[in-house]
Amino acid sequence: MAQTKRIGILTAGGDSPGLNAAIRGVGKTALGFYGMEIVGFRDGFRGIVEDRRLKLDRATLAGILTVGGTILGTSRDKPHRMTIDGRVHDMTSVIVKNYGRYGLDALVCLGGGGTQKNALRLTEAGLNVISLPKTIDNDVAMTDSTIGFATALDIATETIDRLHSTAHSHHRIIVTEIMGHRAGWLTLGAGIAGGADVILIPEIPYDVHKIAEAIRRRSRAGTNFSIVAVAEGAMSKEDARPYNIAEARKEKARNQREKHEAKLELAALDARHTGNTLRLAKQLEELTRLESRVTILGYVQRGGIPSPADRLLATRLGSACGDLIHENVFGVMVASRGDRTEPVPLERVAGRRKIVPPDHPWVEAARRVGTCLGD
Ligand code: F6P
């Protein structure tokens with residue numbers, strides 16, 4: 001008789017609504033449908049290093065479909081660069097050893113872009129790894145969508161709806177900052193759905209004078225308020241230039257030292273970018289003479305109960321993950337493709353970010369309805 005499979009599962013990176021629905025999807029399929037055993041690791045990859053195990057049984061998996069966050073906890077720890085007692089260590093070999101010690105046949109990693117890279121590293125270290133894509137940023141390559149995006153889109157859209165009435169009453173500009181450092185999917189989607197007058201995303205650097213002109217045009221036409229939806233990582237054309245140079249330097253680095261230097265440069269530019277939304281609102285106030293206010297959505301976008309769309313996506317991806325483990329398919333991410341799911345080799349996902357193409361249909365639609373994209 002074939003031996004019972006034992007699988008491990010962890011959530012890593014920033015949390016997002018729908019993670020528990022995905023844990024439940026994988027767990028119920030593995031446990032209930034295939035009769036496997038499943039053990040959770042708390043706090044991302046650190047959980048395997050520090051033996052933070054949580055046995056997942058029917059009782060633990062019950063009632064979590066609608067719960068926000070992750071019952072396993074999460075962290076941004078990387079297997080190859082983990083801080084232990086104040087010092088950074090490569091813990092890959094410890095993870096490999098513990099995987100064996102715990103008698104695992106597979107490890108399921110739920111995470112965003114960083115987690116996909118770490119999943120590939122562990123695959124290359126010889127483990128049977130399978131991953132699921134989650135992040136409110138929707139920027140994981142090779143999948144139509146990621147767990148958490150739909151809920152965050154609902155939250156950000158509802159916020160824009162609410163800001164409309166107050167902006168209208170006070171004849172103000174309200175600049176609302178939406179999450180997304182490198183990808184503008186959330187801001188673009190919520191901006192379109194919420195009818196923002198200006199949408200600024202990292203992929204399309206902006207000219208503040210063009211934004212001011214669009215707002216002044218609205219005023220001349222008798223509308224004395226505007227909603228500006230700005231992604232965390234949106235930048236002016238001037239700020240984008242040094243950033244792009246540093247990014248290219250990182251991409252073309254010939255050795256670790258050059259890569260490290262480019263990363264330091266990017267980190268310094270990121271630090272300088274902090275507070276950009278406040279500066280932008282002030283500039284717009286000066287240029288348009290309309291009172292401006294700022295609303296930063298922040299972590300509210302990642303909290304609370306997942307939307308039905310995310311529960312559905314998480315359950316589809318989670319159950320497909322259980323099927324793939326049963327079929328011994330590893331080294332892949334379970335991607336969403338239309339109504340179907342598809343295993344995509346981790347090599348094709350890791351290190352690639354899905355950003356908004358400048359000619360994407362959402363961008364075109366926004367332009368058609370008269371939204372200013374700042375360019
Ligand atoms: O990746 C999801 C995300 O919420 C981004 O939109 C945001 O830039 C980042 O995480 C914030 O990271 P942290 O949780 O580490 O503050």
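Read the numbers this way: they start at 1 and go in the same order the structure lists the ligands and their atoms.
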Is the charged tip of Arg6 near the ring of Tyr102: under 6.0 Å from the six-membered ring centre and within 45° of its axis?
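Relative to the ring axis of Tyr102, which defines the angle, Arg6 lies outside at least one limit.
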Amino acids in close contact with ligand 1, where any non-hydrogen atom sits under 4.0 angstrom away:
Arg76, Thr135, Ile136, Asp137, Met179, Gly180, His181, Glu232, Tyr299, Arg302
Nearest 0.5 Å please: distance from the NZ atom of Lys134 over to the OG1 atom of Thr115.
5.5 Å
Do Glu37 and Thr4 have side-chain atoms, one donor and one acceptor, less than 3.5 Å apart?
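Side-chain D/A pair, Glu37 to Thr4: absent.
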Side-chain H-bond candidate by donor/acceptor type, Arg316 with Thr341, under 3.5 Å:
no
Tell me the side chain to side chain donor-acceptor pair (under 3.5 Å) pairs involving residues 359-370, sequence neighbours left out?
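Residue pairs passing side chain to side chain donor-acceptor pair (under 3.5 Å), neighbours aside: Arg367-Asp375.
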Pairing of Asp105 and Lys5 as salt bridge, 4.0 angstrom limit
no
